[in-house]
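Data first, discussion second: the structure below is written as structure tokens.
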2 protein chains.
Amino acid sequence: MGTRERRLRELAEREQLFLDAAREQISGQGLLTLQMAKVARSCDYATGTLYQHFSSKEDLLLAICADQAEKRVATMARAAHWEAPSRDRMFALMVADMLFAERHPDHYRLTQYVFTEAVWGSASQRRRDAVIEAHRPIGDLVSQIVTDGIDAGDVDSRGRHPLEMALGQYAMTIGMHHMVHAEGVLEKENVPDPYRLLLSHGAAHLNGLNWQPLQDPFDDVALDALVTRICSTLFDDFRPAEAERAAQPEAQPIEGAPQ
Amino acid sequence: MGTRERRLRELAEREQLFLDAAREQISGQGLLTLQMAKVARSCDYATGTLYQHFSSKEDLLLAICADQAEKRVATMARAAHWEAPSRDRMFALMVADMLFAERHPDHYRLTQYVFTEAVWGSASQRRRDAVIEAHRPIGDLVSQIVTDGIDAGDVDSRGRHPLEMALGQYAMTIGMHHMVHAEGVLEKENVPDPYRLLLSHGAAHLNGLNWQPLQDPFDDVALDALVTRICSTLFDDFRPAEAERAAQPEAQPIEGAPQ
DNA sequence: CTCATAAAGTGAACCGTATTCATAATTCAC
DNA sequence: GTGAATTATGAATACGGTTCACTTTATGAG
């Protein structure tokens, strides 16, 4: 009989209901002020019911993180599977993650939180593994692009292991996200568009470090065209304003540089 | 009269006392379990006294962060002011920060925390500014190295603003730290020594992207020699074990690469 | 339809801890 | 020495995560 299946489905649906409600509350008020009772109430359930799905507040946070990670990965996968030279795929992957982080700053912060401290708390091992597993495909995507590039002769691995290159490449993206989202840091440096910086330097990284041939390097014009193309071709569900912002054509002067 | 000065000095001393006690408690039990009452008690003061120095728990966390940041900056400054080519100074800066993060993982996590969520809470604006200010010199140091390199003809800025290059360079370091400290992620990828990866890729970044001339690129041998030299020359207070670990001579095979 | 059983839902009570504040102790200027 | 100002105190309060004894609902056999 289908009773069991229906029960399981309802369980999953309610779990998603809680996840969405919690995410909404976070996006309104921040991580630390998330209140379990409010989450439950906003779904017309009692506190206890929420605790039948998530063993603790931290467990809930990890579940949100894992849930959102799947969407993030899906976004990046679209870029990684683009029909294009591996260098451009790598760039598209960075753009995709940038767009995602811009759209979902809460998810970025939550991931930071989860990956630094919350992991040692009271969440179940199952949840912790789920978070790790949800993020694994990112590494796989990057690795795949690098490997494809090496196979196609586009990438000079210079004797390094593809994984090392992939991690190095991705580390820069993560670091950029961190700098962008570290409230007040880049603002104080008068950087008008941090993501512009990410794109520009990311492209330079690809230009200079590993990708061959270099006859057709990214320049500012090619960069903007590519960003526009990526946004329109791969991510047409991103609103024009965001694509426009990302591909902002006129060069942004960087003022107030130290010394 | 010197009464006022003495008072202020005593105030600062007691503040430091609390900061040290709190840091000790964090390093033993993690961020989230820090208890205000315990911090006060461990200094033989009552809870209320602690609250005369720090308006909230979060305020205390930010103060710790700012306090530690000064030590971190001091470490990096030693590397940045090294008498060496700018490329090597930049590399030394990365090594310095790596050694610091390895020694003070709590500070790294605290900074992550503070820079993502805690900043929106109940800490005073004064504290928030202090944290930003404490970190500003890092950007200045990196910028200075880049500028010096351009002046000396060592660096090809390729038309980019020095600040952009500096931030890009530093972003990679931050990203690497994050990946190293994201418990379980790199372990699952069977990366034997994440910091080895940071050094290797950081060097590759310097080799290929901006630094000229390239006639003398880092290779594995030069890399190890340089790390050893940096550790012994600039950071002799770092214990041999750590320097050794950072400069581990035999190439670490990376196993279990995806696909 | 009825009933026994299980499953799901409830929210008041519990508990730990951040924060406050009325009071006490101390210091200081004169 | 004295009164005002400053500093220290810790019991009381507030808040929110977590629990659990109980209620309600769903199930399916007879």
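To find a chain, count down the sequence lines: A is the first, B the second, and so on, and within it residues start at 1.
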Any residue meeting side-chain contact (heavy atoms from CB on, under 4.5 Å) with B/A92, in chain and number order, not counting sequence neighbours = B/A79, B/W82, B/I230, B/L234
Using atom [atom1] of [X] as one end and atom [atom2] of [N] as the other, report the distance to the nearest whole Å.
X     : N      : atom1 : atom2 : answer
A/L31 : D/dG16 : CG    : P     : 16 Å
A/L60 : D/dG16 : CG    : C1'   : 14 Å
B/Y45 : C/dT26 : OH    : P     : 13 Å
B/R9  : C/dT27 : CZ    : P     : 15 Å
A/D44 : C/dG9  : CG    : C1'   : 13 Å
A/H53 : D/dT18 : NE2   : P     : 16 Å
B/L8  : D/dT6  : CG    : P     : 13 Å
A/L50 : C/dA8  : CG    : P     : 15 Å

query = Does any non-hydrogen side-chain atom of A/Q112 lie less than 4.5 Å from one of B/Y113?
reply = no
B/L11 and B/H53, any side-chain heavy atoms less than 4.5 Å apart = yes
task = Take the angle between the ring planes of A/H107 and A/F100 and call it parallel below 30°, perpendicular above 60°, tilted in between.
result = perpendicular
Could you list all N or O pairs between the protein and nucleotides 21-24 of chain D that sit under 3.5 Å apart?
none

ask   = Do A/E70 and A/R136 sit within salt-bridge range, that is, some charged N less than 4.0 Å from a carboxylate O?
value = no
Give a yes/no on whether any side-chain N or O of [X] is located under 4.0 angstrom from OP1 or OP2 of [N].
X     : N      : value
B/R41 : D/dG10 : yes
B/R14 : D/dA8  : yes
A/T49 : C/dA8  : no

request  = Among D/dT9, C/dG11, C/dA8, find the nucleotide with the atom closest to the side chain of B/A46.
outcome  = D/dT9
task = Taking atom types as modelled, find out whether A/D140 and A/Q144 have a side-chain donor-acceptor pair closer than 3.5 angstrom.
result = no
request  = State whether a side-chain donor-acceptor pair under 3.5 Å links B/D20 with B/Q16.
outcome  = yes
Which atoms of nucleotides 17-22 of chain C (N or O only) lie under 3.5 Å from a protein N or O atom, and what are those distances?
residue, atom, partner, partner atom, Å
C/dT17, OP1, B/Q35, NE2, 2.8
C/dA18, OP1, B/L34, O, 2.9
C/dA18, OP1, B/K57, NZ, 3.1
C/dA18, OP2, B/M36, N, 3.0
C/dT19, OP2, B/Y51, OH, 2.7
C/dT19, OP2, B/K57, N, 2.7
C/dT19, O5', B/Y51, OH, 3.4

ask   = Got a donor-acceptor contact below 3.5 angstrom from the A/K57 side chain to the A/L34 backbone?
value = yes
request  = Could you give me the CA-CA distance, side-chain angles and deciding distance for B/L141 and B/H81, then say whether side chain to side chain contact (heavy atoms under 4.5 Å, CB included) is met?
outcome  = CA-CA 9 Å; B/L141 290 173; B/H81 295 138; 4.0 Å; yes
